[in-house]
Amino acid sequence: MIPSTHFLIIAAFLFSIGIIILIIKRNAIAALMGIELMLNAVNINLVVFSNLNRQMDGQMFVIFVIVVAVAEAAVGLALLLQVYKSYKTSDLDKISKLKG
Amino acid sequence: MNSYLITDLDNLVYFSLIAALLPLSAFFILFFFGKKLPRKGDWLATLLIGLSFILSLLVFFSVWEGRAGSMTFQWIALSGIPENAFSISVSIDKLSSFMILTVCLISLLVHLYSMEYMKGKLNYTRYFPYLSIFTFAMLGLVISDNLLITFMFWELVGFTSYLLIGFWFTKEEAVKASKKAFLFNRIGDLGFLLALMIIWSFAGTFEFQYLGDSFEDQSIWFTLAGLGLVLACIGKSAQFPLYVWLPDAMEGPTPVSALIHAATMVAAGIFLLAKVFFLLSEDVLTTIATIGAITMLMSAIPALFQNDIKKVLAYSTISQLGYMFVGIGAGVPEAALFHLFTHAFFKAGLFLSAGAVIHYMHEIKHVLFHEGVYNDFDAQDMRLMGGLRKRVPLVFIVFIVCSSSLVGLPLLSGFLSKEAVIGAAFNWADSYSNTNNSFVYYLIPLSCFVTAFFTALYMIRQLMMVFFGDFRLENLIPYLNAKHEHHHQSLLISLPLVVLCVLSFALPFSLNPFSPQSSWFLKEFNQLFESNLEFAHWVTYTTVLLALAGIVLGIFTYRNKVYISDKAEKSDVLELFGHNWYLEKFYYKAMVLPGFRLAFYTTKIDYLIDRLIEGTAIAYVVLSHIVAWFDKNIIDGIVRLMATLAVFISGFFKNLQSGKVQQYFVYTLATVMILIYIFFNWMK
């Protein structure tokens, strides 16, 4: 049996990659993809720890997370579409209206 | 005789108050409306003075029948001060009633005389108001029974005298003379003020009726107060150290000289001394007698060398005032007052006759001017006169009567009063010499004798120069010879002259014209002062003989004297006496020059102060420049530094708000990581 540490390392690895993508990618879609990656890294952690505890609630929570992630992706993409429509770009550096 | 003219005592006071206030009303009416009235209102002033004179006659006769009245008004009433501290009181007694009569009579005569004499002169409108205010001030001075009020009127009298001396203000000499008179009187008034202070601090009142009680002890202050009053009287009555103003005061119009500088104002000093006689200690009286003796001699001699017709009379006035001072100093004020009384009439008569002569000379000048012969001669110069007895006979008679009275010839009023004064002086010297075993005291009656001689000499000189010999002006201007116009003497000029001439005889004053003791005046006043009036007969004989000797000597000396010659008469004697003992020069050297020097040094100090102020100002400018620099660079710099700092700090925080989502995420991440780190550390 593969020790759970390996899974945790992969999950941490994935999470870090997600963070890095979120930070360095200029394209908003790529950033959303980074977020998905981080969510999935968390999902792996949930599954690993629920397996260690011999309980199912963690795996149940993963299902919810996937559902929420789908909704989130839908909302995020819709937002992105609107942003693109008004700004004619999806470059996050150029969308800086928040600073006021 | 019990039929009093004024029955009610209060009425007596009211009558005299009205007599004093009438001239004041004349002053106000003429001062404000004089220009609109016909003849500039001179008739109104004369009329009101005439009313005053009638009132004064009533008051005089009532008082002389044994009545007296006084009245006190509360001036300032405050709790805590005595009732008579600030009050005004009026007292009508023998002393004041005879002065009221003198002032009113002479003022009335001078008013009448001035209507003709001043006719058509410059500033005629202002002349009569000035005369009226003077009369008011003099009457106020006389009836006041409060030393402070007396002082106020005393000053007012001095001020009007100043106005009238400088009446012809376009003449520089007149302006100078008025200034001089005013300043010399100020010195005397300083003494009056000092006396007032001393009296106030000792007696606490200025009322004459209470003053006598408060000076019981004969302290040094008592003497000092007396000396202060004497100094005031020296200034006003033109006595020795301060008399130099009176000859110069002759720059005023001649009627003014008669009224103010011969009959009334200069007599105010004598009047005041008689009124405060009870305050004067023996030392003070001796001082008064000495001053009087010095003055009469010092002024009688320069009178011999004057060529101005009025100046001779001025010096003679000073000399006669010296007699009055001796009379007071000898402790017989009634003699001094009697001399004041008679002197007022014959000296006013002399001045008014001199004025008539000057008037005549002026007329000649006018005639010459209209004929086209312009000649600007001095109308008062006696060297140009002579032989006027044929031209103005009435004036000649008046002049000869009045001057005989002045000389002290028997049958005339001056004889009575002068004998009384000299006799009193002799008695005084007699008693003092006996007690002190010293003959120094005889110097005072001696100077009286010598002065009597000189009086005769200068009066006969004046008579010879003006009325006898040839009319020297005619010799100078031959054109006049052809014209022998009859001079028309106006009634307004003749009447006062005749009245004063009649009053210069002894008969109105004494039924026995050879005995001063039998005159009603001295008899009445002797009840007041109770001094010894009896004196040796040889005094009288000596005086008369000296006067006659003076007359004879004068006739022989001045009969054929040449007054107008090509070579100027010059001698040391003439220099000394012509310059009034160099007294004026001495005052100039001793007072005026140090004054100028003081002014010079004060200017220097002022210059120094100016430089100091300028230096301070410069220092302030420099300092303010430094402060400005500090303000601009340091204070403003700090403020600007703060602003820059704020901009810098805000810039730092501003950069956090970049609006970039990814940056925000990084911040969040960093924060979460720090929190986790802290959390774990805390857990441990």
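Everything quoted here is computed from the prediction, not taken from an experiment. All chains are named by letter (A, B, ...) in the order of the sequence lines, taking the proteins before the strands, and each is independently numbered beginning at 1.
Within 6.0 Å of CE in A:Met60 there are 12 or fewer heavy atoms belonging to other residues, nucleotides or ligands. Other residues, nucleotides and ligands place more than 12 heavy atoms under 6.0 Å from the CZ atom of B:Phe182. For B:Arg611, the CZ atom counts as densely surrounded, since its 6.0 Å shell holds more than 12 non-hydrogen atoms of other residues, nucleotides or ligands. Counting non-hydrogen atoms of other residues, nucleotides and ligands closer than 6.0 Å to CZ of A:Arg26 gives a total of 12 or fewer.
For the atom pair NZ (A:Lys94) and NZ (B:Lys660), the distance works out to 11.0 Å, reported to the nearest 0.5 Å.
Panel note: side chain B:Gln662, backbone A:Ala31; no donor-acceptor pair is recorded below 3.5 Å.
Comparing A:Ile19, A:Asp93, A:Leu92, A:Leu22 by how many heavy-atom pairs each has under 4.5 Å with chain B, the most go to A:Leu22.
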